[in-house]
Protein chains: 2
Amino acid sequence: MDDRTPPERKKRPTLKDVARLAGVHVSTVSRTLDPNADHLIRDEVKEKIRAVCRELNYRPNSIASSLRTNRTKTIGVVIPDITNLLFPPIFRGIEDELAAQGYAAIMVNTDGDADREEQLTETLIARGVDGIIAASVPRQDAHIARMAQRGFPIVTVNRRLDDPSVPSVTNDDDFGIKRILTHLVALGHRRIVHIAGPQSLSTGKLRAEAFARYHAEILEQAEPPVIVYAESFNEAEGERCAEQILAKGTPVTAALCANDRLAIGAIAAFKRRGLKVPEDISVTGFNDMALVDRIDPPLTTIRIQHYEIGRNAARMILAMIENGTLPPDGHKVLPVELVVRQSSGPAPRP
Amino acid sequence: MDDRTPPERKKRPTLKDVARLAGVHVSTVSRTLDPNADHLIRDEVKEKIRAVCRELNYRPNSIASSLRTNRTKTIGVVIPDITNLLFPPIFRGIEDELAAQGYAAIMVNTDGDADREEQLTETLIARGVDGIIAASVPRQDAHIARMAQRGFPIVTVNRRLDDPSVPSVTNDDDFGIKRILTHLVALGHRRIVHIAGPQSLSTGKLRAEAFARYHAEILEQAEPPVIVYAESFNEAEGERCAEQILAKGTPVTAALCANDRLAIGAIAAFKRRGLKVPEDISVTGFNDMALVDRIDPPLTTIRIQHYEIGRNAARMILAMIENGTLPPDGHKVLPVELVVRQSSGPAPRP
DNA sequence: CTGTTAGCGCTTTCAG
DNA sequence: CTGAAAGCGCTAACAG
């Protein structure tokens, strides 16, 4: 009579369904699907089970698995703003490496706001992420440091904390500055100003320190070098700093900027004041982000390995998670290289 | 004697812990925390429970909740490549809107590969995403169409399927082309070539069709307009197409490109051949992606609302999920505007 | 090699 | 208004 099949099953098949059709117990199916346990099962049984899985198009429910194992195979990625051209390739590196290991990434944008960062980090944890990669940390980030201390897997990328206990993957900021300074000096520049980034960020601080140190070392000038400080790493601040330099009337033939965005702003300001880059003043950047080879003039800069720092950060966090949270090799610093384009040229004759 | 506190509890508190401390049943706690059910609980009890939650710093375990409710509050975002400057602002729009509604985004990069897309989409579904926003679809995307037909919430953004049953949020491609063509004609151009995008993508197709239609309408020329087709939306193809135009010797005073990256490539090729942009030839783009205002020459283009199409796509998918998968308003098309910069100028006198 | 058992932490009827 | 009970789908001892 009413032995018709029920009205359209939409539900995804579960382990139980597979077990029933294969005539075995659910745990047998579970083991068959677990690469670490499938050697325990007889081959014929495995065959049978695999066949049923295929037939039903069975997909394990990762939520259920997560609840049981307390692992989500998901990593939180905390970024200031994905719209900042520096971050997409870093994120892509992270994503690719994670995906290759069966992990997924949840990205949140903090806009550099500490409160937002804390709040978003909490929601990531509430979602059960297994670890966090943070690209948005200031040098003193109490919240991140605290979580790391508690044993939660965290690595920072591109920037790092002053606190050395939080592992990081960064660029060789020091060498980058040295390299580009050497380049400018070789072009005959002696009056070189540094447009520095925010000193609350490791990148801003390290690059400014390197500038001061190598400037003293290479140029051996009596007076200390001129450094103007930007409040954030963006074009508007680059413009403001350039204006400030011009206003002060500091004699200068080159502006070594702490990143590309500052350089872009500086170039705009200099041009607006009728200066030619690089004929009147050379301007250099740092990062070699997308499209800086197409701007006017194409930017001389330091190429960092965006994609690779991302991949390395992902590898590091995965290692921490597997080895139960022990930092594998504290701080990784990737090499950088100079890319000479047209924004730097011979120092003008006085 | 041994009434010391146990040796360091690391575990997160659970509903059960809260219930015990508050002297109520777990279900009472659960209701208190559920905005849709908390009216059932007496105020004093709620107070008590809230206090305990605060004291324990209780955070609901969203995994457990997901397992029970079969909802993860997570959306999959399928993008060709976040490294492509078009996508970061779109993704940011998606992310912001989702976050505001308590949802998170998992992003995957397909590199435009259909197999990868299918495979990655499957893993998203296995992870239990409640819906998918796809920015990477070709016009005929069997896989996406099939999933949508099955009732899985999907919306496409920036591009759309030919199949009208899959909802989308796109730009007014047709008007954008009309607007920029009008601009060029107003500058005196009569020999305008179109560097078209891949015809397998809605953007490529729609823009090329619009070009042909409005060209005929506005210029009323006997011969059909010249269109060269790029195989993908990138700089290299822009260069190739520009070379091809030059090689053919087609007389042309303006190249209307289907997007900014093609325009950037075309400009590079024209310059390399000694042509000046815009004095000898005007070049225009589409999208107004980051930094095209800083390249040489600054690009005349159509500004799309990157961020807003992202937000709208997020809103649409959330509506579908809440209303149980009913497309709320099929296809949303956001307005675009012309941005005139220096890559377009008066047609040269012959 | 395979089955049994006992939950992970939460939601949701169903009672009272 | 609150408690009891069942169970989402899977894993991991522990027995055989």
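Just so you know, these numbers use all the heavy atoms, side chains as well, and skip hydrogens, waters and symmetry mates. So that the names make sense, note that chain A is the first sequence line, chain B the second, and so on, each numbered from 1. On a predicted model such as this, the values are computed, not experimentally measured, just so you know.
- For the OP1/OP2 pair of D:dC10 and a distance below 4.0 Å, the side-chain nitrogens and oxygens of A:Ser30 include no atom meeting the criterion.
- The 12-atom threshold is exceeded at CG of A:Asp111, counting heavy atoms of other residues, nucleotides or ligands nearer than 6.0 Å.
- Side-chain N/O atoms of B:Thr28 include none lying less than 4.0 angstrom from OP1 or OP2 on D:dT2.
- Proximity of residues 37-65 of chain B to DNA chain C (heavy atom under 4.0 angstrom from any strand atom) is restricted to B:Tyr58, B:Pro60, B:Asn61, B:Ala64, B:Ser65.
- Picking from C:dT2, D:dG3, C:dT5 the nucleotide with the shortest atom distance to the side chain of A:His25 gives C:dT5.
- Nucleotide C:dG9 holds its P atom 16 Å from the CZ atom of A:Arg71, rounded to whole Å.
- Here B:Asp141 does not pair with B:Arg160 in a salt bridge; the nearest charged N to carboxylate O distance is not below 4.0 Å.
- Of the candidates C:dC10, C:dC8, C:dT4, the closest approach to any side-chain atom of B:Lys16 belongs to C:dC8.
- The nearest whole Å value for the distance from the CG atom in B:Asp17 to the P atom in C:dC10 is 9 Å.
- Checked by atom type and distance alone, the side chain of A:Asn61 pairs as donor or acceptor with a backbone atom of A:Ala64 at under 3.5 Å.
- Residue A:Asp163 qualifies as enclosed at atom CG: its count of foreign heavy atoms under 6.0 Å is above 12.
- Nearest nucleotide to the side chain of A:Leu15, out of D:dC8, D:dT11, D:dC14: D:dT11.
- Classification of A:Arg20 and A:Asp17 as a salt-bridged pair holds, one side-chain N sitting under 4.0 Å from a carboxylate O.
- A salt bridge links A:Arg50 with A:Asp38: the distance from a Lys NZ or Arg NE/NH1/NH2 to an Asp or Glu carboxylate oxygen falls below 4.0 Å.
- Rounded to whole Å, the distance from CG on A:Asn36 to C1' on D:dT11 is 12 Å.
- Comparing D:dT11, D:dG3, C:dT2 by their nearest atom to the side chain of A:Arg31 picks out C:dT2.
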Applying salt bridge (charged side-chain N to carboxylate O under 4.0 Å, His left out), run through B:Asp81 and A:Arg92 and close with a yes or a no. CA-CA 8 Å; B:Asp81 180 12; A:Arg92 182 73 207 259; 2.9 Å; yes

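- When each of A:Asp34 and B:Leu67 is assigned the nucleotide of DNA chain D bearing its nearest heavy atom, the one mapping closer to the 5' terminus is B:Leu67.
- Along DNA chain D, the nucleotide nearest B:Val26 and the nucleotide nearest A:Ser27 are compared for position; the residue whose nucleotide lies closer to the 5' end is B:Val26.
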